[in-house]
Novice: 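Next up is a structure, given as structure tokens.
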Amino acid sequence: MGSVYAGLLADGVNEVHVVDIRQDHIDAIARAGLRVSGASGDRVVTSIGACTSTRGIGICDLVIIATKASGVEAAARSARELIASNTLILTIQNGLGAAERIQSAIDSDHILLGVAEGFGASMVGPGHVHHNGMALIRLGEMRGGWSERLEAVAAVWRNAGFNARAFDDINPLLWEKFLCNVTYSAPCTVFNCNVRELMADPHRWNIARTCGLEAYAAGRAKNIAFTFDDAERYVTQFGEKMPEARPSMLQDHRNRRRSEIDAINGMVPIVAARVGTRAPYNEVMSEIVRSRERSF
């Protein structure tokens, strides 16, 4: 996802620097540019900086953290040398808890929260990212409320070709994306299938939708102001829009990488325990994923 953002923002005549720990990816971008294919077209962007460290980049107007959940805190620490008094940090992750991790390294006055909907991105290879859609980028202040700086950031994204909107309260939107992540991430990973294959099997789908409903129950108990009453319909419609998508958790396991299980399905039992609900399906699916990851 970070490469999709970087490619389109750089192609939109912004000065963009990509920082990634994958040396082969950085080398490919530095050598031949970043290729972005899929719903936004097929382009190679050469006007982009690429390195494995923030050293030497200088002060930035906007820092976008698009790492896995486990990498957020380290990314925030490394971004401190890019930050001046007016710099904004925009974090866009799956799951819950990213903003709190960033706060351990950066003052919360700098932090914006983002939710990406309907992209279905994957790495084709070093220097090449593909995405199946690009429905919406939702942006909000960490502490809520509308601001001129929030709208200015949304305008930058729109000018680069994204459908981007600023929201007064981003938390319900974070939770709505969280429900979809919970429904498809661990189940697709455990059953080693894409979204269409998951939904086509009634037994697999029963497990997946129950994972989502457990997250919804926890959110309701937490007084999250969801924009819908029928959670099953919501997650079903989400999956129907991207039937061939493979969640990033599944991609991680196919590449023998540890996933974001603790921020997604593994977070549901934690929140449920705090608010007095239960999440046995998410507990079991999370333990299966963690068990497999012990061999990675």
Side-chain angles (χ1 to χ4, degrees), residues 1-72 74-76 78-79 81-83 87-94 98 112 114-137 139 153-164 242 244-248 250-252 254-255 257 260:
M1 288 297 292
S3 293
V4 175
Y5 306 151
L8 271 66
L9 286 166
D11 209 29
V13 202
N14 296 289
E15 180 185 347
V16 175
H17 299 268
V18 171
V19 181
D20 198 297
I21 61 174
R22 282 187 55 185
Q23 187 70 57
D24 59 344
H25 187 46
I26 292 301
D27 290 344
I29 295 171
R31 181 175 61 252
L34 174 61
R35 182 180 175 188
V36 182
S37 61
S40 64
D42 196 336
R43 72 193 79 200
V44 176
V45 184
T46 56
S47 58
I48 191 168
C51 51
T52 57
S53 168
T54 56
R55 209 171 297 116
I57 292 176
I59 299 301
C60 297
D61 298 313
L62 176 65
V63 176
I64 301 168
I65 297 180
T67 65
K68 297 289 187 184
S70 60
V72 168
S78 70
E81 61 188 86
L82 309 176
I83 298 172
T87 301
L88 295 175
I89 311 296
L90 172 60
T91 178
I92 309 178
Q93 271 80 36
N94 291 325
L112 303 179
V115 182
E117 178 185 338
F119 279 75
S122 60
M123 296 301 301
V124 179
H128 182 189
V129 66
H130 180 87
H131 63 111
N132 297 315
M134 51 187 300
L136 181 62
I137 297 289
L139 304 170
V153 170
V156 169
W157 286 76
R158 287 194 293 267
N159 291 338
F162 294 92
N163 179 19
M242 294 191 300
E244 302 307 314
R246 293 177 173 84
S248 60
L250 172 59
Q251 296 179 47
D252 285 337
R254 288 184 173 181
N255 288 286
R257 295 190 300 258
E260 299 175 292

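As the structure is a computational prediction, the values presented were derived from the model and not from experiment.
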Novice: Count the heavy atoms of every other residue, nucleotide or ligand shown that sit under 6.0 Å from CD of Glu81, and state whether that count exceeds 12.
Specialist: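 Enclosed.
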
Novice: Is there a donor-acceptor contact under 3.5 Å from the side chain of Thr54 to the main chain of Ser78?
Specialist: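 Yes.
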
Novice: The criterion is salt bridge (charged side-chain N to carboxylate O under 4.0 Å, His left out); which residues satisfy it with Asp27, sequence neighbours excluded?
Specialist: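 Once residues adjacent in sequence are excluded, Asp27 has no partner under the salt bridge (charged side-chain N to carboxylate O under 4.0 Å, His left out) criterion.
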
Novice: Could you report the tightest heavy-atom contact between Gly133 and Ala39, atom names first, then the distance?
Specialist: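 Heavy atoms of Gly133 and Ala39 come nearest at CA-CB, 3.5 Å.
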
Novice: Under 3.5 Å, is there a donor-acceptor pair between the side chain of Thr91 and the main chain of Ala98?
Specialist: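 No.
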
Novice: Taking the side chain as C-beta and beyond, is there a heavy-atom pair between His131 and Val36 under 4.5 Å?
Specialist: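 His131 vs Val36: side chains touch.
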
Novice: Just how far is it from atom CG of Leu136 to atom CZ of Phe119, taken to the nearest 0.5 Å?
Specialist: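 One finds 8.0 Å between CG of Leu136 and CZ of Phe119.
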
Novice: Set out, in order, the CA-CA distance, both residues' side-chain angles and the distance that settles side-chain contact (heavy atoms from CB on, under 4.5 Å) for Cys51 and Ile57, then state yes or no.
Specialist: CA-CA 9 Å; Cys51 51; Ile57 292 176; 4.0 Å; yes

Novice: Donor-acceptor pair, distance only, cut-off 3.5 Å: does the side chain of Asn159 make one with the backbone of Ala155?
Specialist: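 Yes, the answer is positive, given that a donor and an acceptor are paired below the 3.5 Å cut-off.
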
Novice: Which pair of heavy atoms, one from Ser3 and one from Val129, lies closest together, and at what distance?
Specialist: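 Looks like CB-CG1, 3.8 Å.
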
Novice: Supply the atom-to-atom distance Leu88 CG to Cys60 SG, rounded to the nearest 0.5 angstrom.
Specialist: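 SG of Cys60 is found 11.5 Å from CG of Leu88.
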
Novice: How close do Leu139 and Gly114 get, counting heavy atoms only, and between which atoms?
Specialist: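 Heavy atoms only, the tightest pair is CD2-CA, 4.2 Å.
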
Novice: side-chain contact (heavy atoms from CB on, under 4.5 Å) for Val156 and Asn14? Distances and angles first, verdict last.
Specialist: CA-CA 9 Å; Val156 169; Asn14 296 289; 4.1 Å; yes

Novice: Among Thr46, Val45, Val44, Leu34, which one satisfies side-chain contact (heavy atoms from CB on, under 4.5 Å) with Ile29?
Specialist: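 Among the candidates, only Leu34 passes.
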
Novice: Determine the interplanar angle of the Tyr5 and Trp157 rings, folded into 0 to 90°, and report it as parallel if under 30°, tilted if 30 to 60°, perpendicular if over 60°.
Specialist: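 Perpendicular.
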
Novice: Quick check: do Ile92 and Ile65 have side-chain heavy atoms less than 4.5 Å from each other?
Specialist: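 Side chain of Ile92 against side chain of Ile65, heavy atoms only: no contact under 4.5 Å found.
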
Novice: Give me the atom names and distance for the closest heavy-atom approach of Gly120 to Asn132.
Specialist: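 Reported closest heavy-atom pair: O-ND2, 3.1 Å.
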
Novice: Looking at every heavy atom in both Asp42 and Arg35, which two are closest together, and how far apart are they?
Specialist: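 Residues Asp42 and Arg35, closest heavy atoms: OD2-NH2, 2.7 Å.
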
Novice: Is a salt bridge present between Asp24 and Arg22, judged by a nitrogen-to-oxygen distance below 4.0 Å?
Specialist: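 A salt bridge is present here (some side-chain N lies under 4.0 Å from a carboxylate O).
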
Novice: Using side-chain contact (heavy atoms from CB on, under 4.5 Å), reason through Thr87 and Asp61 one step at a time and then give a plain yes or no.
Specialist: CA-CA 5 Å; Thr87 301; Asp61 298 313; over 6 Å; no

Novice: Please confirm whether the backbone N or O of Ser40 pairs with a side-chain atom of Arg43, one donor and one acceptor, at under 3.5 Å?
Specialist: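 Looks like yes, one N/O pair under 3.5 Å.
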
Novice: Decide yes or no on side-chain contact (heavy atoms from CB on, under 4.5 Å) for Leu62 and Val153, but give the supporting numbers first.
Specialist: CA-CA 8 Å; Leu62 176 65; Val153 170; 4.2 Å; yes

Novice: May I ask you to decide if Arg246's main-chain N or O and Gln251's side chain share a donor-acceptor pair within less than 3.5 Å?
Specialist: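 Confirmed, Gln251 side chain pairs with Arg246 backbone.
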
Novice: Is the count of non-hydrogen atoms from other residues, nucleotides or ligands lying under 6.0 Å from Asn163 atom CG greater than 12?
Specialist: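 Enclosed: over 12 neighbouring heavy atoms sit under 6.0 Å from CG of Asn163.
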
Novice: Checking Ser37 against His130: is there a side-chain donor and acceptor pair closer than 3.5 Å?
Specialist: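 Yes, because at least one side-chain N or O of His130 sits under 3.5 Å from a partner of the opposite role on Ser37.
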
Novice: Going by heavy atoms in the side chains, are Phe162 and Leu9 under 4.5 Å from each other?
Specialist: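 With C-beta onward as the side chain, the pair touches.
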
Novice: So does Gly127 get a backbone contact from the side chain of His25, meaning a donor-acceptor N/O pair under 3.5 Å?
Specialist: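 The answer is yes, because a donor-acceptor pair under 3.5 Å joins these two groups.
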
Novice: Can you confirm whether more than 12 heavy atoms, excluding those of Ile21, are under 6.0 Å from its CD1 atom?
Specialist: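 Incorrect, the count does not exceed 12.
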
